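Treat the numbers as computed from the prediction; the structure is a model and nothing was measured. Naming: A, B, ... by sequence-line order, numbering from 1 per chain.
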2 protein chains.
Amino acid sequence: MKADRTSLSDLLRVSGFKATSGRVEVLGLFIRAGRPLSQMQIMEMLGPRLDRASVYRILSAFTEAGLLHMAYVDGRHRVYELPDKCGHSHCHPHFSCRSCGMTACLEDFQVKCKGSIGKGFVAERQKVLIEGLCPGCKGK
Amino acid sequence: MKADRTSLSDLLRVSGFKATSGRVEVLGLFIRAGRPLSQMQIMEMLGPRLDRASVYRILSAFTEAGLLHMAYVDGRHRVYELPDKCGHSHCHPHFSCRSCGMTACLEDFQVKCKGSIGKGFVAERQKVLIEGLCPGCKGK
DNA sequence: TGATTTTTGCAATAATGTCGCATTTGTGAT
DNA sequence: ATCACAAATGCGACATTATTGCAAAAATCA
Ligand SMILES: [Mn+2]
Ligand SMILES: [Mn+2]
Ligand SMILES: [Zn+2]
Ligand SMILES: [Zn+2]
């Protein structure tokens, strides 16, 4: 995925957005990071160049437009990511380290659901989170 | 599970707690409800008999002691439940209706994870949430 | 009952997210 | 390049959820 300013601006306009500098920066962050990001992390990376409210509005707008997914909720933080690894009904699983808080996408991890969910229920999406220890925290 | 006041008090003391009236009431609510509950729901059920801060403290203390689990996060609400349907490494899946917000425990639903989670990672717990429509909301 | 320790209520504070509104910015037409 | 218009932003106020300090109250045990 190209991440230069022009490509980002084009992508934004194709998605129906004005290519404002804030939106270009936030989208670029996600593309360069290649991992889930929360509003707080984005603020830390961007510094005071973008207002808190604007970041929230950008994340909501991007999510509504399908440019981002809400990957999972980490404590009180909502964590977003590019949806390139997700299908319509299946957002891929994530891993979260209980020691350092590090998170990762489990792209090659398969989750099979067995059994009926119940009479009359319609399942549309599944969210799977694996908690444990990351390699860095494993050896204590 | 017996839910009379004496049994509840004994259970609390066995778990290392003083059997205060607030704790007896909260634990009794969970046992009688048989479903996940949030702090807000507890407050609504108990009325002004117990302070907000006390409910938060009771939920945290119960969870730390293993008397409760945090079942899942619903928007901004943390939802707790008795851990009687959960094993050490496997908290059973839950269902959440995207229309009415109704939630349910999927006790008979099995989730099989296939594939390695990755070199060096240690998986300790899995959290699975199925989103969709409940029977009441299914027919529109 | 009285001594001891824990828990509670209350109010203050924190953390996260939302909203209204004046100002600024991006865009497309001139 | 400039202009006009719609859309987005910054800012401050507000909302909601959760946490903390501390004096008062309650539970436990001798
Ligand atoms: Mn992911
Ligand atoms: Mn459950
Ligand atoms: Zn770690
Ligand atoms: Zn429903």
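- Between the CG atom of A:Asp51 and the P atom of C:dG20 there is a distance of 16 Å, rounded to whole Å.
- Summarising the geometry, atom CD1 belonging to B:Ile58 is positioned 6.0 Å from atom CZ belonging to B:Arg23; distances are rounded to the nearest 0.5 Å.
- Between A:Gln39 and B:Arg49, it is B:Arg49 whose nearest contact on DNA chain C lies nearer the 5' terminus.
- The distance from atom CG of B:Leu46 to atom P of C:dG9 is 11 Å, rounded to the nearest whole Å.
- Between atom NE2 of residue B:His77 and atom OH of residue B:Tyr72 there is a gap of 11.0 Å, rounded to the nearest 0.5 Å.
- Taking the six-membered ring where the residue is Trp, the centroids of B:Phe62 and B:Tyr80 are separated by 6.0 Å or more.
- Counting only residues at least two apart or on different chains, the side chain to side chain donor-acceptor pair (under 3.5 Å) pairs with a member in residues 50-62 of chain A are A:Gln39-A:Tyr56.
- Protein chain A touches strand DNA chain D; the 5'-most and 3'-most nucleotides with an atom under 4.0 angstrom of its non-hydrogen atoms are D:dA6 to D:dT19.
- Between B:Leu27 and B:Leu82, some side-chain heavy-atom pair lies under the 4.5 Å cut-off.
- In this structure, the separation between CG on B:Leu11 and OG1 on B:Thr6 is 12.5 Å, given to the nearest 0.5 Å.
- Put simply, the side chain of A:Met43 reaches to within 4.5 Å of the side chain of A:Val55, judged on heavy atoms.
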May I have the list of side-chain donor-acceptor pairs in residues 31-38 of chain A shorter than 3.5 Å, sequence neighbours left out?
residue	atom	partner	partner atom	Å
A:Ser38	OG	A:Gln41	N	3.3
A:Ser38	OG	A:Gln41	OE1	3.4

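- Ring geometry for B:Phe95 versus A:Phe121: interplanar angle over 60°, hence perpendicular rather than tilted (30 to 60°).
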Are any protein N/O atoms closer than 3.5 Å to N/O atoms in nucleotides 13-15 of chain C? If there are, list each pair with its distance.
none

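- Contacts of residues 53-64 of chain B with DNA chain C (heavy atom under 4.0 Å): B:Ala53, B:Ser54, B:Arg57, B:Ile58.
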Below 3.5 Å is the cut-off: list the nitrogen or oxygen pairs between protein and nucleotides 3-6 of chain C, distance only.
residue	atom	partner	partner atom	Å
C:dT5	O2	B:Lys18	NZ	2.9
C:dT6	O4'	B:Lys18	NZ	3.0

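- Between B:Phe17 and A:Phe17, it is A:Phe17 whose nearest contact on DNA chain D lies nearer the 5' terminus.
- Side-chain atoms of A:His92 and A:Gln126 include no donor-acceptor pair closer than 3.5 Å.
- The distance from atom CD of A:Glu44 to atom C1' of C:dT16 is 14 Å, rounded to the nearest whole Å.
- You'll find the side chain of A:Leu46 reaches within 4.5 Å of the side chain of A:Val26, heavy atoms only.
- Heavy atoms only, all atoms of each residue included: B:Gly28 and B:Leu8 are closest at CA-CD1, 3.7 Å.
- Side-chain polar atoms of A:Ser7 and A:Asp10 form no donor-acceptor pair below 3.5 angstrom.
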